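The structure appears below as structure tokens.
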Number of protein chains: 2
Amino acid sequence: MPSKTYQRIRLDHASEVAEDYVEAIADAIAERGVCRAMDLVKHFAVTHATVNNTIGRLQRDGLVVTEPYQPIELTAAGKRLATQSRKRHEIVEGFLRRLGVSAATAATDSEGIEHHVSKETLNAMKRVLTDGWPSE
Amino acid sequence: MPSKTYQRIRLDHASEVAEDYVEAIADAIAERGVCRAMDLVKHFAVTHATVNNTIGRLQRDGLVVTEPYQPIELTAAGKRLATQSRKRHEIVEGFLRRLGVSAATAATDSEGIEHHVSKETLNAMKRVLTDGWPSE
DNA sequence: AGCTCGAGTTAGCCAATGCTAACTTTTTCG
DNA sequence: CGAAAAAGTTAGCATTGGCTAACTCGAGCT
Ligand SMILES: [Mn+2]
Ligand SMILES: [Mn+2]
Ligand SMILES: [Mn+2]
Ligand SMILES: [Mn+2]
């Protein structure tokens, strides 16, 4: 109802791409040692040109560092954001699984939902994962 | 994990503004008889010029009809989308309330989450609202 | 060494969604 | 009635996040 609602959602969307990218970059580094642009091309199903543009913005915003033709690295801020985003993502996905949703659906839905979950809602989900469902 | 995940999220976002607008227009008509652009300016906290642009797209897409200086009306397709969006929205918001989240947070979070909830997840939420929490 | 081919870069384009500023129309009110 | 205020329109602009096409770089193979 309050008009600030939609402003917050616009902010959520503004940080969404950054969050998903740093998470994917951290995953690639964890799994394959380095992250190359092509890893992100496959992961997000966008073109190499789009990845390049996006990485440029992330670098501008201090989340990654790249040098021409080199793998993509995360800054300290990028690593922090990646860790934090992954934690939140895991809680949302785990919660959906707990709700009885299939693994495939939980994976897909949580990828969008995660960016719109406030601290309060995240805590409620976490509580379910550790303590079980609320009474009644 | 599958690359189609992010394609679906991009589609979710592409329909998000349309869904929120037709819902708000239907609400305004239900509450005040007509919907004027200024109602949407207040609701979404954007400028009148932005509302005008957006309404133009909705008209192009066959969801609303407007004539200069006249109130905004929904087409049959617009009404259908509004009804469907509101139902989904109410389930998501009700579910968050049931989870123990405050009314204010449930209102805000559901406004973003609603657009990323698949049929399967929506059904799981609906089940909680009618039958209570899953066993375990 | 030289070539080829995959990967990366750059330029140029588009649509969506936001904005401000200037103008027009309608409504309201003295 | 007429002026001021409110509402609506239009023009022009920016950013994000997509795309294609053309070019460059570099790794690896013959
Ligand atoms: Mn994520
Ligand atoms: Mn995501
Ligand atoms: Mn919404
Ligand atoms: Mn979203």
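Just so it is clear, the structure is predicted and the values come from calculations on it, not from any experiment. Below, chain A is the first sequence line, B the second, and so on; all start at residue 1.
Across the interface with DNA chain D, nearest-nucleotide mapping of A:E16 and A:P68 shows A:E16 to be the residue nearer the 5′ end. Of the two residues near DNA chain C, B:T54 and A:N53, the one whose nearest nucleotide lies more 5' is A:N53. Comparing A:R60 and A:T50 by the nucleotide of DNA chain D that holds the closest heavy atom to each, the one mapping nearer the 5' end is A:R60.
Of the options A:T108, A:D109, A:T105, a side chain to side chain donor-acceptor pair (under 3.5 Å) to B:T121 is made by A:D109 and by none of the others.
Between A:T47 and D:dC19 there is a side-chain N or O to OP1 or OP2 distance below 4.0 Å.
Whole-Å rounding puts the B:L11 CG to D:dG17 C1' distance at 14 Å. A:Y69 places its OH atom 6 Å from the P atom of D:dC25, with the value rounded to the nearest Å. Rounded to an integer number of Å, the gap from CD of B:Q7 to P of D:dG18 is 11 Å. For B:I55 and D:dA7, the CD1 to C1' distance is 14 Å, given to the nearest whole Å. B:Q59 has its CD atom 14 Å from the C1' atom of D:dG8, to the nearest Å. Taking atom CD of A:E67 as the reference point, atom C1' of D:dT24 lies 18 Å away to the nearest angstrom. Distance CZ (A:R36) to C1' (D:dC25): 12 Å, rounded to an integer number of Å. In this structure, A:N52 places its CG atom 14 Å from C1' of D:dA22, rounding to the nearest Å.
Checking B:S85 against B:E114 by side-chain atom types alone, no donor-acceptor pair falls below 3.5 Å. Residues B:S110 and B:H89 have side chains that bring a donor and an acceptor to within less than 3.5 angstrom of each other.
Pairs of residues two or more places apart, or lying in two chains, that qualify as salt bridge (charged side-chain N to carboxylate O under 4.0 Å, His left out) and include a residue from residues 34-43 of chain A are A:R32-A:D39. The stretch residues 65-78 of chain A participates, sequence neighbours left out, in no salt bridge (charged side-chain N to carboxylate O under 4.0 Å, His left out) pair at all.
B:V51 comes within 4.0 angstrom of no nucleic acid atom, judged by non-hydrogen atoms across all strands. Base engagement by B:R57 is indicated by at least one non-hydrogen atom pair under 4.0 Å involving a base atom. Here A:A49 lies in heavy-atom contact (under 4.0 Å) with a base.
Closest approach of B:L122 and B:V117 over heavy atoms only: N-CG1, 3.5 Å. Across all their heavy atoms, A:R86 and A:A26 have their closest contact at NH2-CB, 4.1 Å.
Of all nucleotides in DNA chain C having an atom under 4.0 Å from a heavy atom of chain A, the first and last in 5' to 3' order are C:dA7 to C:dG18.
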